[in-house]
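A short write-up of the structure that comes next.
Read the numbers this way: they start at 1 and go in the same order the structure lists the ligands and their atoms.
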Amino acid sequence: MENKDIIVKNSGVIKLQSFDDFPDGNISIAEGKKSVPFEIKRVYFINNLFNKKSVRGKHAHKKLEQIIFCVNGRFTLDFDDGVNKQSIVLEDAHSGIRLGPMLWHEMRGFSNDCVILVLASDYYNEDDYIRNYDEFLKVVNNIK
Ligand code: T46
């Protein structure tokens with residue numbers, strides 16, 4: 001996955017430095033304000049994604065910056081800036097996708113072994129979420 005593959009706004013590919021110690025494992029490093037272009041205030045992970053029909057996300061953030069990684073297995077990320085929409089399969093543990101402000105995003109198609117890791121620029125704040133798609137379109141169109 002390369003930066004040129006991303007057509008939605010406020011996004012991009014973040015590649016972490018990674019060392020392959022095969023057969024003894026890999027190590028990948030994320031550093032705030034270095035490979036990750038913001039100070040990391042929160043880290044969360046999502047696992048036990050056994051429901052094949054599960055769709056997570058379904059929101060946009062007003063201000064939050066995040067980088068989303070699939071550190072094990074795979075899933076499909078659908079994201080949408082209000083004009084452009086695209087879908088990407090995440091399966092490369094050290095390549096993350098920037099989820100900048102005002103990007104509607106959904107995660108689906110999880111493999112049983114999928115583990116999602118997210119680095120976020122701020123603490124959890126429900127007021128930063130837009131969880132209604134029509135409201136998202138209204139806000140994004142007022143910004144333009
Ligand atoms: C995002 C995508 C990629 C907290 O209390 N603190 C937290 O830091 C987070 C992330 C969640 N929660 C609570 C809020 C809900 O009651 O955990 C519950 C599940 O959260 P949500 O339904 O928002 O989970 P996802 O997977 O739909 O979205 C999450 C993040 O919330 C969101 O910011 O961009 O992952």
Side-chain angles (χ1 to χ4, degrees), residues 1-20 25-144:
M1 190 176 22
E2 303 292 336
N3 243 326
K4 63 176 170 44
D5 299 327
I6 307 288
I7 60 163
V8 297
K9 287 180 199 154
N10 298 344
S11 187
V13 178
I14 301 288
K15 282 205 172 162
L16 300 182
Q17 187 182 25
S18 187
F19 296 92
D20 184 353
N26 273 3
I27 183 163
S28 302
I29 305 105
E31 294 182 300
K33 292 193 163 173
K34 289 189 174 177
S35 51
V36 173
F38 52 78
E39 188 186 337
I40 301 163
K41 284 204 181 162
R42 181 166 52 110
V43 176
Y44 59 92
F45 59 87
I46 304 170
N47 61 351
N48 290 345
L49 288 153
F50 302 129
N51 177 6
K52 292 282 157 230
K53 293 182 180 161
S54 170
V55 181
R56 301 194 64 107
K58 294 188 274 186
H59 60 253
H61 285 284
K62 296 174 189 165
K63 293 190 175 155
L64 190 70
E65 285 279 356
Q66 302 190 102
I67 314 291
I68 187 165
F69 295 89
C70 185
V71 294
N72 202 58
R74 84 191 64 81
F75 73 95
T76 300
L77 175 70
D78 300 319
F79 50 152
D80 171 353
D81 61 18
V83 177
N84 300 302
K85 297 181 183 195
Q86 73 181 116
S87 299
I88 288 188
V89 176
L90 269 73
E91 54 189 347
D92 175 8
H94 65 272
S95 291
I97 298 289
R98 176 184 168 219
L99 295 175
M102 299 311 293
L103 262 188
W104 188 265
H105 55 278
E106 303 190 359
M107 300 98 84
R108 63 179 167 88
F110 308 105
S111 60
N112 276 340
D113 57 352
C114 178
V115 181
I116 297 173
L117 178 77
V118 182
L119 310 177
S121 65
D122 213 340
Y123 304 117
Y124 175 74
N125 175 10
E126 187 59 38
D127 292 342
D128 189 66
Y129 286 70
I130 301 176
R131 292 192 184 269
N132 177 289
Y133 188 70
D134 290 336
E135 188 192 335
F136 161 71
L137 285 181
K138 261 191 217 162
V139 176
V140 99
N141 285 322
N142 281 339
I143 287 172
K144 283 174 190 162

Between the side chains of Y133 and E106, does any donor sit under 3.5 Å from an acceptor? no
Does the side chain of S111 reach to within under 4.5 Å of the side chain of D113, using non-hydrogen atoms? yes
Answer yes when E2 and K15 have at least one side-chain N-carboxylate O distance shorter than 4.0 Å, and no when they do not. yes
Mind checking what residues have non-hydrogen atoms under 4.0 angstrom from ligand 1? R42, Y44, I46, R56, G57, H59, H61, Q66, I68, H105, M107, Y124, Y129, R131
Main-chain N/O of H59 paired with R131 side-chain donor or acceptor, under 3.5 Å: no
Ring centroid separation for F69 and F45, is it under 6.0 angstrom? no
Side-chain donor/acceptor pairs under 3.5 Å, residues 47-58, sequence neighbours excluded:
unit_1 : atom_1 : unit_2 : atom_2 : d
N51    : OD1    : K53    : N      : 2.9
K52    : NZ     : F110   : O      : 3.2
K52    : NZ     : N112   : OD1    : 3.4

